Number of protein chains: 4
Amino acid sequence: MAPTTAIPHTPQNQTKAARRPPRRENRRQAVLKASAALFKSKGFERTSVRDIAAASGMLPGSIYFHFRAKEEILLAVQKAGIQHLSDAVESAILDVQEPWAKLEAACIAHMRVILGESDFAAAVLDISAARNSSVWPQIAAMRDEYEKNFRQLVDDLPVPPGTNRKYLRLALLGSINWTHRWYRPGRDSPAQLAVEIVWLFRCGLDPE
Amino acid sequence: MAPTTAIPHTPQNQTKAARRPPRRENRRQAVLKASAALFKSKGFERTSVRDIAAASGMLPGSIYFHFRAKEEILLAVQKAGIQHLSDAVESAILDVQEPWAKLEAACIAHMRVILGESDFAAAVLDISAARNSSVWPQIAAMRDEYEKNFRQLVDDLPVPPGTNRKYLRLALLGSINWTHRWYRPGRDSPAQLAVEIVWLFRCGLDPE
Amino acid sequence: MAPTTAIPHTPQNQTKAARRPPRRENRRQAVLKASAALFKSKGFERTSVRDIAAASGMLPGSIYFHFRAKEEILLAVQKAGIQHLSDAVESAILDVQEPWAKLEAACIAHMRVILGESDFAAAVLDISAARNSSVWPQIAAMRDEYEKNFRQLVDDLPVPPGTNRKYLRLALLGSINWTHRWYRPGRDSPAQLAVEIVWLFRCGLDPE
Amino acid sequence: MAPTTAIPHTPQNQTKAARRPPRRENRRQAVLKASAALFKSKGFERTSVRDIAAASGMLPGSIYFHFRAKEEILLAVQKAGIQHLSDAVESAILDVQEPWAKLEAACIAHMRVILGESDFAAAVLDISAARNSSVWPQIAAMRDEYEKNFRQLVDDLPVPPGTNRKYLRLALLGSINWTHRWYRPGRDSPAQLAVEIVWLFRCGLDPE
DNA sequence: AATGAATGAGGCTTCATTCAT
DNA sequence: GATGAATGAAGCCTCATTCAT
């Protein structure tokens with residue numbers, strides 16, 4: 001008991017061990033946020049480390065205290081973007097049971113992120129810088145891991161026998177991800193778009 | 001036969017008008033071909049003018065006899081790629097009348113090009129370098145022009161009333177273009193893939 | 001005796017003077033040892049303060065508690081290396097009287113150190129970093145001081161009149177120091193090498 | 001015959017093929033010369049590519065038209081230095097027959113170069129930058145090749161049976177090369193120094 | 001005594017581009 | 001038509017050092 005009454009006077013001590021890392025982590029996050037925004041607007045290759053430093057309120061050399069190389073920033077941005085997507089999708093499907101509803105919920109969550117304001121998600125969709133970088137293997141692994149969610153969702157769908165589920169999944173993902181090339185906020189929300197697209201796949205068009 | 005006897009008197013003129021331009025054009029095409037291949041494998045930004053020159057059998061300075069700037073090469077590559085697509089699609093739908101068959105023919109042609117060996121088409125699908133370049137407006141205009149084909153094809157489709165044809169078109173294009181991110185030559189040919197995807201949109205999945 | 005009775009009242013003083021400095025001195029020695037090893041294997045310029053810190057189990061900033069600048073580490077390493085040599089030579093010649101035997105003893109001691117495992121001595125022989133540093137004057141002074149030993153030894157030698165003792169000394173030192181560029185532990189020990197070399201100078205080769 | 005009368009009007013053509021390379025070669029030599037001087041006075045690591053460019057009358061980027069990397073300049077400087085030595089020694093011993101005289105001639109030539117004004121030879125003797133560079137294997141090979149000359153010269157010497165010729169050679173080379181650490185132009189010339197040193201090895205000191 | 005974080009200058013190198021020849 | 005040589009800006013990154021804590 002004595003200790004517990006003695007320590008309250010020095011709350012810094014307790015928080016020091018808990019706050020220091022956050023400090024560093026904050027700066028790191030600042031770099032990532034600035035980088036994601038720059039990557040989105042100018043592309044990875046056209047963004048210089050100087051740009052990133054300036055946007056993060058640092059000097060160029062300081063970036064290298066937090067990241068070993070420019071490509072490690074790319075990796076971290078991609079990781080964060082995929083994590084955003086993953087978190088959103090997983091929490092969206094948590095309480096949904098019916099297969100089509102579950103898929104729809106996942107698509108809505110996915111699309112809300114990629115069409116939302118997250119610069120991170122935008123970075124995920126621009127694959128070309130990632131594919132040509134030295135960290136592509138790691139990025140590809142994370143992407144695959146994320147796509148497993150959709151594989152499961154599509155596999156659970158009640159579809160006519162003979163349906164190629166792989167093509168179905170990839171066609172759906174293509175339709176959905178392609179939206180970020182043309183979508184502009186306006187009449188329809190990302191969620192409505194998701195619903196429409198899932199509906200297209202579900203019901204088809206042929207009136208006959 | 002007559003020409004061969006008539007022309008010999010002005011050999012320079014003829015060679016100037018008939019041989020030089022081809023020669024120059026040949027070199028230009030060589031640069032474009034090499035560039036498209038390099039852009040495909042390394043990306044635009046990671047391809048240097050030196051790389052292009054080396055792959056074209058020239059020295060760096062010589063490139064500038066054919067193009068005013070690196071980004072003009074990008075523009076020309078994109079133009080050629082879109083032209084390939086356009087030619088293929090237009091000739092494919094020429095003799096087809098039925099709307100769904102016509103769309104299918106277009107998709108098959110489109111997909112054959114983008115999944116084929118044309119480095120030019122691959123360059124077209126990597127939008128990010130183009131979007132961040134100074135020639136993006138011109139590239140965007142060409143892409144739009146090409147997509148008009150598909151707008152027409154989708155508009156001619158007999159679909160249930162209330163169908164959002166814009167979303168349908170974009171979803172279809174998304175599914176189709178997305179293939180170049182995952183397709184590997186093997187069991188199914190690009191044409192079969194196109195058929196499958198169009199079928200998905202046409203018939204839907206819901207067994208009920 | 002008086003001091004020992006006066007001090008017990010201030011135990012802090014004693015521990016401060018007797019315990020803390022050793023601790024600090026230990027860390028300092030650790031830095032020097034790590035530095036000597038790194039300088040030997042990578043050279044002074046290619047060794048970063050970070051390298052030294054890591055090899056000493058510290059962080060970069062901590063080095064500066066013990067040394068004001070990287071070049072002061074170089075100075076300290078050189079000083080330690082020369083001290084090793086000096087101690088070895090002085091104790092080796094202590095009980096030897098005969099001039100040639102005395103020189104031989106010195107050479108054996110010298111060569112044992114420079115061909116031994118002391119990273120410090122190796123640092124001494126790599127003159128180029130030292131010569132280009134800002135602490136070169138101090139280093140040069142220490143080297144000169146050490147070489148005085150050999151000057152004395154050579155001056156005491158009974159040699160034919162007309163012999164240029166300066167050249168003799170420098171030729172001998174050259175032969176001896178050069179060994180560290182080619183010697184590899186094996187058949188002959190450093191001491192045997194020293195004996196051979198001194199013998200060469202003493203007896204000459206010309207059979208006539 | 002006709003051609004020979006037609007061509008004189010364009011003498012540039014002929015010289016173009018013969019002068020262009022020299023032009024490039026001249027600039028390359030300028031870089032090497034400036035580099036050797038800078039390496040001698042500041043050391044390789046403390047010499048920046050900017051320094052070299054400035055001393056060669058170029059901009060930093062231009063250096064890389066002539067050399068692929070800073071270390072390739074080091075390699076070229078070392079190569080030139082060793083070539084100087086090799087040429088000097090080979091031509092010096094060409095007409096000498098008697099073994100001791102031949103060795104002496106070689107030593108004189110060698111020492112004239114290393115104590116002369118050639119910045120290249122000075123670079124050769126500063127081994128530490130070379131040893132820590134990535135081009136060390138190539139440099140080491142060239143050095144070995146050069147030292148073979150001396151191996152031959154020492155092997156041809158008439159010496160008492162039991163003499164270790166390897167140690168003899170290395171001791172002699174040590175004495176000779178060490179001079180560049182202490183020699184200052186003055187009373188004795190490099191050649192006189194060489195004679196004295198060879199004499200030391202030949203005749204020994206022991207008056208008995 | 002030591003550390004974490006940052007600094008800012010400077011390192012080597014690449015690059016698109018130019019231009020006399 | 002093409003080349004060789006150079007340019008100069010900018011690229012990524014490392015480094016010795018500092019300083020509040």
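The structure displayed is predicted, hence computed values, not measured ones. Sequence lines set the chain letters: A, B, ... in the order given, protein chains first and strands last, and positions in each chain run from 1.
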Problem set entry | Verdict with supporting geometry, C:Ser133 and C:Glu71, side chain to side chain donor-acceptor pair (under 3.5 Å) | CA-CA 7 Å; C:Ser133 79; C:Glu71 294 202 334; 4.6 Å; no
Exercise. To the nearest Å, how far apart are C:Phe44 CZ and F:dC15 C1'?
Worked result: 12 Å
Exercise. With a non-hydrogen cut-off below 4.0 angstrom, is D:Ser56 in contact with a base, only sugar-phosphate, or nothing?
Worked result: nothing
Problem set entry | Spacing between A:Asp51 atom CG and F:dC12 atom C1', to the nearest angstrom | 12 Å
For this session: Look at the side chain of A:Lys79 and the backbone N and O of A:Ile139, then say whether any donor-acceptor pair between them is shorter than 3.5 Å.
Result: no
Exercise. Between F:dC13 atom P and A:Glu71 atom CD, what is the distance in whole Å?
Worked result: 8 Å
Exercise. Considering Watson-Crick and G-U wobble pairs with both distances under 3.5 Å, what does E:dA1 pair with?
Worked result: none
Seminar exercise, completed: Per atom distances to the C:Phe65 side chain, the nearest of E:dA2, E:dT17, E:dT13 is E:dA2
Seminar exercise, completed: A:Leu59 CG to F:dC13 C1', in whole Å, measures 14 Å
Problem set entry | Presence of D:Ser62 side-chain N/O under 4.0 Å of F:dT7 phosphate oxygens OP1/OP2 | yes
For this session: Can you tell me the distance, in whole Å, between the CD atom of C:Glu45 and the P atom of E:dG10?
Result: 17 Å
Problem set entry | Watson-Crick or G-U counterpart of E:dA9, or none if no pair lies under 3.5 Å | F:dT14
Problem set entry | Side chain of B:Arg50 (C-beta onward), nearest among E:dA6, E:dT17, F:dT17 | E:dT17
For this session: Round to the nearest Å and state the distance from A:Ile63 atom CD1 to E:dG8 atom C1'.
Result: 14 Å
Exercise. Want to settle it: does A:Val49 or C:Arg68 sit nearer the 5' end of DNA chain F, counting the closest nucleotide to each?
Worked result: A:Val49
Exercise. Which part of the nucleic acid, if any, lies within contact of D:Ser48, taking any heavy atom under 4.0 Å across all strands shown: a base, the sugar-phosphate backbone alone, or nothing?
Worked result: sugar-phosphate
Exercise. Once you round it to whole Å, what is the distance between C1' of E:dT14 and CD1 of B:Ile52?
Worked result: 15 Å
For this session: Please tell me which of the listed nucleotides, F:dT3, F:dC12, E:dA16, lies nearest to the side chain of A:Tyr64?
Result: F:dC12
Exercise. Within 45° of the six-membered ring axis of C:Phe44 and under 6.0 Å from that ring's centre, is NZ or CZ of C:Lys70 located there?
Worked result: yes
Problem set entry | Nucleotide of E:dT13, F:dT3, E:dA2 approaching B:Met58 most closely (side-chain heavy atoms) | F:dT3
Problem set entry | Electrostatic pair C:Asp51-C:Lys42, nearest N-O below 4.0 angstrom | yes
Problem set entry | C1'-based separation of E:dA1 from F:dT21 [nearest Å] | 13 Å
For this session: Answer yes or no: is there a side-chain heavy-atom contact under 4.5 Å between D:Leu32 and D:Phe67?
Result: yes
For this session: Could you pick out which residue, D:Arg46 or B:Gly61, lies toward the 5' side of DNA chain E when each is mapped onto its nearest nucleotide?
Result: D:Arg46
Exercise. In terms of side-chain heavy atoms of B:Lys70, which of E:dA16, F:dA16, F:dC13 is nearest?
Worked result: E:dA16
Exercise. Within this structure, what is the CG-to-C1' distance between C:Asn26 and E:dA1, rounded to whole angstrom?
Worked result: 13 Å
